[in-house]
Amino acid sequence: MHLIEVERKRELPDPHVLRQRLTELGYREAGHLTEVDIYYSRPDVDYMKTVECLRIRRRDGFAEMTYKPPSNAATHSDTDVIAKRETNVTLSGPEQAESASRLLDAIGMVELVRVEKRRTIYQHPERDDIIVSIDAVTDAGTFVETEITAADTDVATIHLGQVEGELGIADNPIIRLPYRDLVLAAAN
């Protein structure tokens with residue numbers, strides 16, 4: 001059985017209000033981290049147009065390379081839920097991120113943008129498959145990402161909406177663009 005990450009991102013004008021609601025509902029703070037992502041594209045395929053993702057991520061002694069396939073009607077629903085199977089390769093250490101960047105440069109990949117975000121992660125009190133993250137993204141703003149990992153996308157999507165309702169964020173504007181695109185737009 002393959003699990004799919006089902007997530008939706010929304011604007012978050014006041015993170016304090018959401019933090020208070022998470023505490024009331026019994027969510028536990030599961031961690032803080034700063035992630036630095038370098039995004040790439042191919043010279044012959046514009047990943048901005050295909051909404052593909054190839055990135056190298058670094059955080060707290062950890063590094064990985066991730067690929068997410070192009071978005072289409074099957075992966076990006078009318079309700080702005082994104083469900084894609086990611087391919088992640090954990091690098092042996094953060095120093096390997098530089099080697100991975102050199103490898104991508106050597107094969108002709110094009111660096112698009114650097115995204116830095118400070119993330120606070122909250123875990124549902126009873127379910128390990130529900131995570132809520134508050135992200136402060138340099139040059140882009142503050143956002144909330146609600147994520148459910150499941151085998152059935154339709155069931156997870158319904159549950160995602162219920163969780164957003166319980167958290168009081170269901171009316172916050174949905175962010176359809178990845179952080180990569182938001183940071184690029186802010187730079188132009």
Side-chain angles (χ1 to χ4, degrees), residues 4-19 21-22 30-43 45-60 62-88 97 100-101 104 109-122 130-149 157 160-161 163-164 167-188:
I4 295 175
E5 183 179 283
V6 177
E7 63 185 43
R8 186 165 33 221
K9 181 172 37 202
R10 295 180 180 271
E11 281 183 23
L12 188 60
D14 187 353
H16 177 73
V17 172
L18 178 57
R19 284 186 180 97
R21 183 68 180 144
L22 287 162
H32 296 273
L33 52 95
T34 297
E35 293 179 333
V36 177
D37 296 337
I38 308 279
Y39 288 86
Y40 292 85
S41 185
R42 289 177 26 191
V45 176
D46 184 352
Y47 283 6
M48 297 298 292
K49 290 182 181 171
T50 61
V51 194
E52 272 173 278
C53 169
L54 176 62
R55 75 170 178 235
I56 297 172
R57 170 171 285 166
R58 296 179 204 192
R59 71 171 175 265
D60 304 331
F62 172 83
E64 73 179 349
M65 187 180 293
T66 298
Y67 174 75
K68 297 180 188 182
S71 287
N72 57 38
T75 63
H76 198 133
S77 75
D78 293 337
T79 58
D80 292 300
V81 170
I82 299 168
K84 293 183 180 184
R85 184 176 300 147
E86 296 183 3
T87 302
N88 294 299
S101 289
L104 293 177
M109 299 302 285
V110 178
E111 185 176 316
L112 293 173
V113 68
R114 173 189 165 106
V115 174
E116 185 172 327
K117 76 178 169 210
R118 291 172 316 285
R119 173 172 272 191
T120 305
I121 302 164
Y122 295 87
I130 301 173
I131 295 173
V132 177
S133 299
I134 297 175
D135 294 333
V137 181
T138 302
D139 298 326
T142 304
F143 308 92
V144 56
E145 186 174 281
T146 308
E147 175 185 312
I148 297 177
T149 305
T157 300
L160 182 70
V163 170
E164 290 174 327
L167 295 174
I169 60 171
D171 293 331
N172 291 23
I174 293 171
I175 301 301
R176 292 170 174 83
L177 297 174
Y179 294 140
R180 168 198 72 186
D181 299 32
L182 296 173
V183 172
L184 274 171
N188 293 329

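In what follows, every heavy atom counts, from backbone to side chain, and hydrogens, waters and symmetry copies are set aside.
- From Ile130, atom CD1 reaches atom CD1 of Ile148 across 5.0 Å, with rounding to the nearest 0.5 Å.
- The CD atom of Glu111 sits 12.0 Å away from the OG atom of Ser41 when rounded to the nearest 0.5 Å.
- Applying the side chain to side chain donor-acceptor pair (under 3.5 Å) test to Tyr47 and every residue at least two apart in sequence or in another chain returns nothing.
- Of the inter-residue distances, the one linking Ile38 atom CD1 with Met109 atom CE reads 13.5 Å to the nearest 0.5 angstrom.
- Panel note: side chain Thr157, backbone Gly161; no donor-acceptor pair is recorded below 3.5 Å.
- Legend: residues meeting salt bridge (Lys or Arg N to Asp or Glu O under 4.0 Å) with Glu86, ordered by chain and number and at least two apart, are Lys68.
- When the side chain to side chain donor-acceptor pair (under 3.5 Å) test is applied to Thr34, no partner is found at least two apart in sequence or on another chain.
- Arg114 is linked by a side chain to side chain donor-acceptor pair (under 3.5 Å) to nothing, counting only residues two or more places apart in sequence or in another chain.
- Looking at Asp181 and Met48, their side chains come closer than 4.5 Å, going by heavy atoms from C-beta outward.
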Yes or no on side-chain contact (heavy atoms from CB on, under 4.5 Å) for Val137 and Phe143, after CA distance, side-chain angles and deciding distance?
-> CA-CA 8 Å; Val137 181; Phe143 308 92; 4.0 Å; yes

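- Interatomic distance, Leu18 CG to Leu12 CG, rounded to the nearest 0.5 Å: 5.5 Å.
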Verify side chain to side chain donor-acceptor pair (under 3.5 Å) between Tyr67 and Arg55, making sure each step is shown before the conclusion.
-> CA-CA 7 Å; Tyr67 174 75; Arg55 75 170 178 235; over 6 Å; no

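- The backbone N or O of Glu11 lies less than 3.5 Å from a partner atom in the side chain of Asn172, making a donor-acceptor pair.
- Remark: Thr120 engages His32 in a side chain to side chain donor-acceptor pair (under 3.5 Å) (not counting sequence neighbours).
- Side chain of Asp14 to main chain of His16: a donor-acceptor pair is present (N/O by atom type, distance under 3.5 Å, no hydrogens or angles).
- We find that Arg58 and Glu35 are not joined by a salt bridge, their nearest charged nitrogen and carboxylate oxygen being 4.0 Å or further apart.
- Heavy-atom minimum distance, Leu160 versus Glu7: CD2-C, 4.1 Å.
- Other residues, nucleotides and ligands contribute at most 12 non-hydrogen atoms within 6.0 Å of the CG atom of Asp171.
- Counting heavy atoms from C-beta outward, Leu104 and Leu54 have side chains that approach closer than 4.5 Å.
- Between Ser133 and Ile121 there is a side-chain heavy-atom pair separated by less than 4.5 Å.
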Which is it for Leu112 and Tyr40 under the side-chain contact (heavy atoms from CB on, under 4.5 Å) test, yes or no, and what are the steps along the way?
-> CA-CA 5 Å; Leu112 293 173; Tyr40 292 85; 5.8 Å; no

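- Using a 4.5 Å cut-off on side-chain heavy atoms (C-beta onward), Asp37 and Ile56 make no contact.
- Using a distance-only test at 3.5 Å, with no hydrogens or angles considered, no donor-acceptor pair links the side chain of Lys117 to the main chain of Ile134.
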Determine, stepwise, if the pair Arg59 / Val36 fulfils side-chain contact (heavy atoms from CB on, under 4.5 Å).
-> CA-CA 7 Å; Arg59 71 171 175 265; Val36 177; over 6 Å; no

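- Using a 4.5 Å cut-off on side-chain heavy atoms (C-beta onward), Thr87 and Thr66 make no contact.
- No side-chain donor-acceptor contact under 3.5 Å links Arg180 to the backbone of Tyr39.
- Within the structure, salt bridge (charged side-chain N to carboxylate O under 4.0 Å, His left out) contacts touching residues 138-148 (residues at least two apart or in different chains) are Arg119-Glu145.
- In this structure, CZ in Arg10 is found 9.5 Å from CD1 in Ile175, a value given to the nearest 0.5 Å.
- To the nearest 0.5 angstrom, Arg176 atom CZ is 12.0 Å from Leu182 atom CG.
- The residue from Val17, Val163, Val132, Thr146 that alone fulfils the side chain to side chain contact (heavy atoms under 4.5 Å, CB included) condition with Ile169 is Thr146.
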